[in-house]
Number of protein chains: 2
Amino acid sequence: MTYSDKQLQIITTAETLFSGKGYDGTSVRDIAEAAGVNIAMISYYFGSKEGLIQALFEERTRDVVLKVESLLKNDALSPIEKIEWLVDDYVQRIATKIQFHKIMVCEQMLQKNTVITTLLTELKKRNAEVVSKLIKDGQEKGAFRPDVDLVLLMNTLIGTVTQTFINTDYYRSYNHLESVDETTFQDDLKAGVSTHIKTLFKAILTYES
Amino acid sequence: MTYSDKQLQIITTAETLFSGKGYDGTSVRDIAEAAGVNIAMISYYFGSKEGLIQALFEERTRDVVLKVESLLKNDALSPIEKIEWLVDDYVQRIATKIQFHKIMVCEQMLQKNTVITTLLTELKKRNAEVVSKLIKDGQEKGAFRPDVDLVLLMNTLIGTVTQTFINTDYYRSYNHLESVDETTFQDDLKAGVSTHIKTLFKAILTYES
DNA sequence: CGCAAAATTAAACAAATGTTTGATTTAATT
DNA sequence: AATTAAATCAAACATTTGTTTAATTTTGCG
């Protein structure tokens, strides 16, 4: 599906409101008003409120798998370099799309919308397959250990990044970084969590530390 | 605050419904009907729907910090043994209180209720202080590395466990464990994620693997 | 221009929302 | 048994909810 500028504007507005007040906590009137369109336009364009959030998910998850796939096809990189690429890419993606990510986490908790749940499960499965190939490749080359629990590994990646970027304020105040400007803080945090996860991954995947 | 049996029954019913349909997706009529009480009883006992979810959080987070504190006071255990205790305890707690944990994650995403947000931040801070002492103790004894990012470490614990138990079905289907009975599967998964996280922690905290 | 399709609008719709009321029943205490 | 407080109830409350309608305006095209 491809959307017009006006449709994308409604989707983006809904994304902001959903991420701040939740799907059920946001009314179509809220969205229409914030987007500067008549309330009837939401049903007109997306059929319903449910149709709108589904459109949001389809729009934001488009190309996600494709990017990872092409990323890992690069033959010039070693398995461990590809893992590092993967971590950096994931951290970058979540950090820059934190609003949508919050909505996604809530949807994963409740699993009320079957269309979205199916979409996300499919996405997760396809991503896991790609990473699985990468790990098997590393194992065949003798770079990775033979006993790796892929799901737990991915859960550590997703979980650590989610926890970190869901409440960056906590990280800031705990480490007394209130005076650091936002951009610098964000960049440092991204670098820090990337390094952290890479260290974890190497401990799980490789033989030496 | 201490609650009567009937109040606790309403709280438990609300917990189940909130975890399945979300706070805003659950009406006070849903709760009253499922709990077998008149709808007016919710305002009567808790003041409002907001008061009810706040009561739920106060009730479920009671004693959480105390338990960790007393756990780590045990002088018979080494720092690394205490870390292992901590991981096992956290895994066990989330696994057995998955409904409340889902509600908590959603609340952390949206942060609409300031009372709950403050409660959770306070809880996190106090827990972090306890674990911080434990790590410093390990560092002084030469068992732990000097450069440990406590928040990232805790984020990995919380994040990995959350991701794992939020969608146990995914772990099951990916590893083709559909035929394993529920109890065995849950126990194996708890053991598996515990071992996984302990491995990660040792890689971060200690010198050798 | 003329016309048809698309876009936009204000208004209305029934249903659902959280909360309160005021009366009635139950329980506990004297 | 009498009295008082607590608990429970059906009903009503004013809003808000998502969606639809039917009329109007705008747009694109021959």
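Each chain gets a letter, A, B and so on, in the order the sequences are listed, and its residues count up from 1.
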**Sequence-distant partners of B:Asp181, side chain to side chain donor-acceptor pair (under 3.5 Å), two or more places apart** =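 Per chain and number, B:Asp181 pairs via side chain to side chain donor-acceptor pair (under 3.5 Å) with B:Thr184.
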In terms of side-chain heavy atoms, does [X] have a donor or acceptor partner in [Y] at a distance below 3.5 Å?
X: B:Asn167; Y: A:Gln108; answer: no
X: A:Ser78; Y: A:Glu81; answer: yes
X: A:Glu107; Y: A:Thr117; answer: no

**Message:** With a 6.0 Å cut-off on the ring centroids, do A:Phe18 and A:Phe100 count as close?
**Reply:**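 No, they do not, as the ring centres are separated by 6.0 Å or more.
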**Message:** Under 4.0 Å, counting only non-hydrogen atoms across every strand here, what does B:Tyr45 touch: a base, just sugar-phosphate, or nothing?
**Reply:**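 Sugar-phosphate: the residue B:Tyr45, judged by heavy atoms under 4.0 Å, touches backbone atoms but no base.
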**Request:** Determine to 10° how strongly the helix from C:dC1-D:dG30 to C:dT30-D:dA1 is bent, judged from the axes of its five-pair ends.
**Result:**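 Inter-axis angle at the ends, rounded: 10°.
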**Message:** For A:Asn127 and A:Val64: C-alpha separation, side-chain torsions, deciding distance, then whether side chain to side chain contact (heavy atoms under 4.5 Å, CB included) applies.
**Reply:** CA-CA 9 Å; A:Asn127 259 322; A:Val64 169; 4.3 Å; yes
**Value in whole Å for how far the P atom of D:dA6 lies from CG of B:Asp5** =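 For the pair B:Asp5 CG and D:dA6 P, the rounded distance is 18 Å.
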**Prompt:** In terms of ring plane angle, is the pair A:His101 and A:Tyr90 parallel, tilted or perpendicular, where the classes change at 30° and 60°?
**Reply:**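 Because their plane-to-plane angle is over 60°, the rings of A:His101 and A:Tyr90 count as perpendicular.
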**Request:** Considering only heavy atoms of chain B and a distance under 4.0 Å, specify the first and last nucleotide of DNA chain C in 5' to 3' order that meet this criterion.
**Result:**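 Nucleotide range in contact with chain B: C:dT17 to C:dT21.
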**Request:** Could you tell me which residues satisfy salt bridge (charged side-chain N to carboxylate O under 4.0 Å, His left out) with B:Arg29, sequence neighbours excluded, listed by chain and number?
**Result:**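 Counting only residues at least two positions away or on another chain, B:Arg29 forms no salt bridge (charged side-chain N to carboxylate O under 4.0 Å, His left out).
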**Message:** Using heavy-atom distances to pick each residue's nearest nucleotide on DNA chain C, tell me which of B:Gly25 and A:Lys6 is more 5'.
**Reply:**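 Closest to the 5' end, via its nearest nucleotide, is A:Lys6.
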Show every donor-acceptor pair shorter than 3.5 Å between a side-chain atom in residues 6-15 of chain B and any protein atom, with sequence neighbours excluded, or say none if there are none.
| unit_1 | atom_1 | unit_2 | atom_2 | d |
| --- | --- | --- | --- | --- |
| B:Gln7 | OE1 | B:Ser4 | N | 2.8 |
| B:Gln7 | OE1 | B:Ser4 | OG | 3.3 |
| B:Gln9 | NE2 | B:Ala35 | O | 2.7 |
| B:Thr12 | OG1 | B:Leu8 | O | 2.8 |
| B:Thr13 | OG1 | B:Gln9 | O | 2.8 |
| B:Glu15 | OE1 | B:Arg60 | NE | 3.3 |
| B:Glu15 | OE1 | B:Arg60 | NH2 | 2.8 |
| B:Glu15 | OE2 | B:Arg60 | NE | 2.9 |

Pairs under 3.5 Å (N/O, protein and nucleotides 18-21 of chain D):
| unit_1 | atom_1 | unit_2 | atom_2 | d |
| --- | --- | --- | --- | --- |
| D:dG18 | OP1 | A:Thr26 | O | 3.4 |
| D:dG18 | OP1 | A:Lys49 | NZ | 2.8 |
| D:dG18 | OP2 | A:Val28 | N | 2.9 |
| D:dG18 | N7 | A:Arg29 | NH1 | 2.8 |
| D:dG18 | O6 | A:Arg29 | NH2 | 2.8 |
| D:dT19 | OP2 | A:Lys49 | N | 2.9 |

**Item:** Verdict with supporting geometry, A:Met109 and B:Met109, side chain to side chain contact (heavy atoms under 4.5 Å, CB included)
**Value:** CA-CA 11 Å; A:Met109 292 297 132; B:Met109 291 299 132; over 6 Å; no
